[in-house]
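Order of appearance sets the numbers: ligands from 1, and atoms from 1 within every ligand. If you read the sequence from its start, that first residue is 1, and numbering goes on from there.
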Amino acid sequence: FHQNAEISVFEVNIRFVGGLLSAYYLSGEEVFRKKAVELGEKLLPAFNTPTGIPWALLNIKSGIGRNWPWASGGSSILAEFGTLHLEFVHLSHLSGNPVFAEKVMNIRKVLNRLDKPEGLYPNYLNPSSGQWGQHHVSIGGLGDSFYEYLLKAWLMSDKTDEEGKKMYYDAVQAIETHLIRKSSGGLTYIAEWKGGLLEHKMGHLTCFAGGMFALGADGAPSDKTGHHIELGAEIARTCHESYDRTSMKLGPEAFRFDGGVEAIATRQNEKYYILRPEVIETYMYMWRLTHDPKYRQWAWEAVEALEKHCRVDGGYSGIRDVYNNHESHDDVQQSFFLSETLKYLYLLFSDDDILPFEHWVFNTEAHPLPILHKEDGSKEEKQK
Ligand code: DMJ
């Protein structure tokens, strides 16, 4: 925690703060609570910007922050600054120090003050001017977990966080109108939006949204509950097709719906699979929420493909081209393979009372965090 090193605020939060919080809640060992809070404190200087929208990168020794040099006009990234909420609310809850929750509530305040093009959230926001960067919108890379955290913040608050709820359902409404399309072959997909023009491409990352829509179905306006479940089921089916249409039965990094193809990667640099969890994550939510056996069947197809093509002597490896008959391994086992892909598979084939949805939400790295039930109160309140 005291290295002279530059870290990603988002990655440290979702993997390390989230991991420590889960370890604490699952074990009750004080050391994990202490370390989670200590690490959270190390991240606070990232919020020292004119708007309070945090920097993407932070030197944890000096406390100096900056943004990714490639991000539109010095912007912070929506999926990064928008994916701190769950962990920071828990840090305040466990430490009795409101500063963490205040930082993330301020992010919402800034977002709610801004005009949104067609009700959509661009992926880039400048932390100095408080203005959007390029009007690129994605439910995959650069946008994804912002939407996930709006819904889960509401669920984690025992459905008391009305602001998070409203932001989530308003965003889904805009996504449906402007980004969700059906291919001529009948596959529903979520396109990307670039200044009003659609790119008919869906990333593997975007496949998490099937599970998100289904998880959010319950809170949707009453006439829309079935519709949100159906939307989740359709995204799950499309993402299953993206796996099924490869030689290895593992999905590519991105697939397209143009130039006569459907759910297939056409560019060489989009044909890789790096053990990502999103499709299996969506199967897990769909299974728990519908108990349709096809989701276990589809997940098992993925297990068999992982065993056949990704298993290597030292563990599991990513694949360079899922359309090739011969594996070319990238020799990397991403940490999310353990924390997410395998955990979601385990939950899919377990009973629903293991980490039940009434009591737990999963952070975006699949670290379970307990729902803060109304009667729980904060540590501070308990001490009083
Ligand atoms: C994970 O780190 C998280 O799920 C994140 O939100 C997006 N991508 C990876 C896994 O693909």
Return the residue, atom name and 0.1 Å-rounded distance of the protein heavy atom closest to atom 10 (C) of ligand 1.
Glu278 OE2, 3.2 Å

Nearest non-hydrogen protein atom to atom 2 (O) of ligand 1, with distance, is Glu365 OE1, 2.6 Å

Please name the pair of heavy atoms, one in Lys116 and one in Trp132, separated by the smallest distance, quoted to 0.1 Å.
CG-CZ2, 3.9 Å

Glu340 contact mode with ligand 1 (heavy-atom cut-off under 4.0 Å):
side chain

Using heavy atoms and a threshold below 4.0 Å, how should the contact between Pro277 and ligand 1 be classified: side chain, backbone, both, or neither?
side chain

Who gets closest to atom 4 (O) of ligand 1 by heavy atom: Ile14, Asn363, Thr364, Asp144?
Thr364

Is the shortest distance from a Lys or Arg side-chain nitrogen in [X] or [Y] to a carboxylate oxygen in the other one below 4.0 Å?
X      : Y      : answer
Arg237 : Glu234 : no
Arg288 : Asp352 : yes
Arg108 : Glu163 : yes

Contact atoms of ligand 1, heavy-atom distance to Leu205 under 4.0 Å
7 (C), 8 (N), 11 (O)

Which of the ligand 1 atoms, numbered from 1, are nearer than 4.0 Å to a heavy atom of Arg15
2 (O)

Carefully, step by step, assess His359 and His373 under the rule ring pair (Phe, Tyr, Trp, His ring centres under 6.0 Å).
CA-CA 8 Å; His359 296 302; His373 290 293; 5.2 Å; yes

Students often mix this up, so state it plainly: with edges at 30° and 60°, are the rings of Tyr285 and Tyr344 parallel, tilted or perpendicular?
tilted

